[in-house]
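Below, chains carry the letters A, B, ... as their sequence lines are ordered, and counting in each starts from 1. From a predicted model like this one, the values you see are computed outputs, not experimental measurements.
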2 protein chains.
Amino acid sequence: MDISVLHNSILFKGFDDTEISELMKALNAVEKKYNKGTMIFSSGEITDKLCFVTAGSVTVESNDMWGNRTILNLVGKGQFFAESYALLPDVPMLVDVCAAEDCSIIFLSMKSLANLSDTVRARLLTNLLTITTRKNLHLSSRSFHTAPRQVRGRIMAYLNTISVQKHSREFDIPFDRQQLADYLNVERSVLSNELSKMQRDGLIRCRKNHFEII
Amino acid sequence: MDISVLHNSILFKGFDDTEISELMKALNAVEKKYNKGTMIFSSGEITDKLCFVTAGSVTVESNDMWGNRTILNLVGKGQFFAESYALLPDVPMLVDVCAAEDCSIIFLSMKSLANLSDTVRARLLTNLLTITTRKNLHLSSRSFHTAPRQVRGRIMAYLNTISVQKHSREFDIPFDRQQLADYLNVERSVLSNELSKMQRDGLIRCRKNHFEII
DNA sequence: CCAAAAATGTTGTAATTACAACATACTTTC
DNA sequence: GAAAGTATGTTGTAATTACAACATTTTTGG
């Protein structure tokens with residue numbers, strides 16, 4: 001099990017190596033590997049497992065009955081997912097989680113939180129709150145990316161956010177075209193077309209998933 | 001200050017009246033009143049205040065430079081807002097919060113959490129986690145409501161959620177037409193038009209904010 | 001290196017939406 | 001209860017998007 005990534009995670013911030021090892025046991029940590037395209041959770045499932053990505057990435061998405069996909073979030077190495085469902089153990093998942101690449105996931109049992117001492121639990125809960133509140137901001141961000149009515153507006157909203165995050169006008173995005181289209185809720189072909197126009201208009205330059213804002 | 005509503009809130013679940021009174025002091029609880037249309041927070045502000053609605057309602061929204069409004073959430077009596085920003089005290093708000101009706105808000109200082117005992121803090125943090133995780137599900141829901149490309153799809157997605165929540169095919173929604181349009185990210189006139197068509201098609205019946213799914 | 005598969009880009013047409021302008025209905029206030 | 005103000009509904013036209021079909025480029029696996 002790849003411990004080093006978990007040691008630097010938000011969840012274990014402030015805990016030393018010994019404490020982390022104990023917590024991993026207390027929370028029944030289990031690691032599993034998934035191949036690209038595999039479904040890790042399906043809509044309707046119930047879980048109490050907080051999930052941590054140690055390698056690769058997963059998409060949190062919704063797939064409707066007509067085959068339309070909406071990507072809510074892409075979760076990469078070092079990040080958590082399913083925390084809301086893990087902490088609200090009655091609520092069935094509204095989303096699917098799929099391996100966007102080959103990946104490894106560590107599952108941590110949240111119902112085991114109850115067994116911890118108040119002190120440790122308070123520390124862990126504080127970190128969990130950081131995870132959930134940041135996730136909230138992520139979901140809000142996506143709302144702003146999909147808010148513009150026109151495709152160009154959505155693309156620019158998204159690229160601006162990434163640019164600010166990376167402190168640079170030039171950056172890679174974690175999505176391929178189809179994923180970006182499903183994240184922004186637009187047609188893939190319309191997205192490709194608009195990206196071409198934006199390059200012709202001198203707004204951006206891009207090649208594959210590398211972008212530059214001009 | 002209207003304590004009774006707070007006593008039944010998620011935040012103080014499991015606490016008795018005495019404890020709640022102490023916590024209110026410890027968290028510097030302050031109540032303020034706002035008239036409809038007043039701005040309570042503006043994008044860019046920083047706060048450590050967890051906000052609780054004791055009367056009326058507020059909208060959490062984003063207003064871009066062209067005057068387009070996106071309503072992320074409507075927060076009613078008995079609910080909380082700004083919890084993410086209160087708990088991440090470095091992060092400037094990405095949204096505005098406006099009084100949707102005349103309302104009263106209680107502000108609770110989250111930086112004061114540090115002064116509480118481990119036991120009390122653990123209990124409070126657990127409740128805060130419930131608030132943030134539920135808020136997450138709310139934000140996810142909105143994503144599903146705005147995911148359909150067509151207006152009718154968005155309306156149906158939204159109405160279905162409410163119908164399931166209220167266990168009835170007949171219900172009131174908390175939005176007027178303009179608010180619903182801004183929540184679903186569609187033009188108000190297009191929304192009105194589509195609602196008319198849906199009534200003609202025998203899908204729904206509605207009058208003002210009362211709806212029936214057929 | 002080649003063939004096959006996957007990803008990305010391009011184009012045209014039908015359908016949908018944006019936007020503005022206006023009509024009607026409902027509320028509020030005096 | 002009239003007038004003013006606000007909310008909601010309707011309509012037409014220009015602009016945009018959906019969708020399908022196909023072209024081109026890139027990646028993958030022998």
Side-chain angles (χ1 to χ4, degrees), chain A residues 35-37 59 64 66-71 74 98-102 145-157 172-201 203-211, chain B residues 35-37 57 59 64 66-71 74 98-102 145-157 159 172-201 203-211:
Chain A
N35 292 322
K36 177 173 176 174
T59 51
D64 72 18
W66 298 279
N68 301 308
R69 177 172 72 160
T70 297
I71 294 183
L74 190 145
C98 295
E101 313 168 85
D102 292 349
H145 301 153
T146 58
R149 307 282 164 81
Q150 282 147 25
V151 173
R152 180 172 295 201
R154 296 189 189 189
I155 295 170
M156 286 311 280
D172 290 344
I173 66 171
F175 292 124
D176 63 30
R177 289 288 179 279
Q178 185 63 60
Q179 289 173 324
L180 181 56
D182 291 342
Y183 176 84
L184 295 178
N185 273 150
V186 302
E187 271 289 314
R188 183 198 58 77
S189 65
V190 174
L191 171 64
S192 274
N193 193 236
E194 192 61 37
L195 285 173
S196 299
K197 284 186 199 160
M198 290 168 75
Q199 294 195 76
R200 263 176 256 148
D201 295 351
L203 281 173
I204 62 169
R205 267 193 274 184
C206 68
R207 183 190 154 72
K208 303 230 49 181
N209 66 339
H210 186 81
F211 284 76
Chain B
N35 291 323
K36 176 174 177 173
S57 60
T59 51
D64 72 17
W66 296 279
N68 301 308
R69 176 172 75 158
T70 297
I71 294 183
L74 189 144
C98 296
E101 312 169 85
D102 293 350
H145 301 153
T146 58
R149 307 281 164 80
Q150 282 147 25
V151 173
R152 180 172 294 199
R154 296 191 189 189
I155 295 169
M156 285 312 280
L159 293 180
D172 291 344
I173 66 171
F175 293 125
D176 63 29
R177 290 288 181 277
Q178 184 64 61
Q179 289 173 324
L180 182 57
D182 291 341
Y183 175 83
L184 296 178
N185 273 150
V186 301
E187 271 290 314
R188 181 198 60 76
S189 64
V190 174
L191 171 64
S192 274
N193 193 236
E194 193 60 39
L195 285 173
S196 299
K197 284 186 201 162
M198 289 168 74
Q199 294 195 76
R200 262 176 258 149
D201 293 352
L203 281 173
I204 61 169
R205 265 194 274 183
C206 67
R207 182 191 156 73
K208 304 228 45 178
N209 65 340
H210 186 81
F211 284 75

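If you take CD on B:Q178 and CD1 on B:I71, they are separated by 8.0 Å, rounding to the nearest 0.5 Å.
Checked against side chain to side chain donor-acceptor pair (under 3.5 Å), B:D102 has no partners two or more places apart in sequence or in another chain. Every residue two or more places apart in sequence or in another chain was checked for a side chain to side chain donor-acceptor pair (under 3.5 Å) with B:Q179, and none qualifies. Applying the side chain to side chain donor-acceptor pair (under 3.5 Å) criterion to A:D201, with sequence neighbours excluded, gives A:R152.
A:L191 places none of its side-chain heavy atoms less than 4.5 Å from the side chain of A:Y183.
Atom-to-atom, CZ of B:R207 to C1' of C:dC26 comes out at 9 Å; the value is rounded to the nearest Å. To the nearest angstrom, P of C:dT8 lies 10 Å from CG of A:L180. B:Q178 has its CD atom 18 Å from the C1' atom of C:dT27, to the nearest Å.
In terms of position on DNA chain D, the residue among A:S189 and A:K208 whose nearest nucleotide sits closer to the 5' end is A:S189.
Side chain of B:N209 to main chain of B:I173: a donor-acceptor pair is present (N/O by atom type, distance under 3.5 Å, no hydrogens or angles). A donor-acceptor contact shorter than 3.5 Å is absent between the side chain of A:R69 and the backbone of A:D64.
On the nucleic acid side, DNA chain D contacts chain A at distances under 4.0 Å to non-hydrogen atoms, with the end points of that region at D:dT16 to D:dT27.
Nearest heavy atoms, B:R154 versus B:P148: NE-O, 2.8 Å. Across all non-hydrogen atoms, the minimal contact from A:A147 to B:N185 is CA-OD1, 3.5 Å. Listed here is the closest heavy atom pair of A:C206 and A:Q199: N-OE1, 3.2 Å. Contact between B:T59 and B:A100 at its shortest, heavy atoms only, is CG2-CB, 4.0 Å.
DNA chain D is contacted by B:R149 of residues 145-155 of chain B, taking any non-hydrogen atom closer than 4.0 Å. Proximity of residues 190-197 of chain B to DNA chain C (heavy atom under 4.0 angstrom from any strand atom) is restricted to B:V190.
A sub-4.0 Å separation between OP1 or OP2 of C:dA6 and a side-chain N or O of A:R177 is absent.
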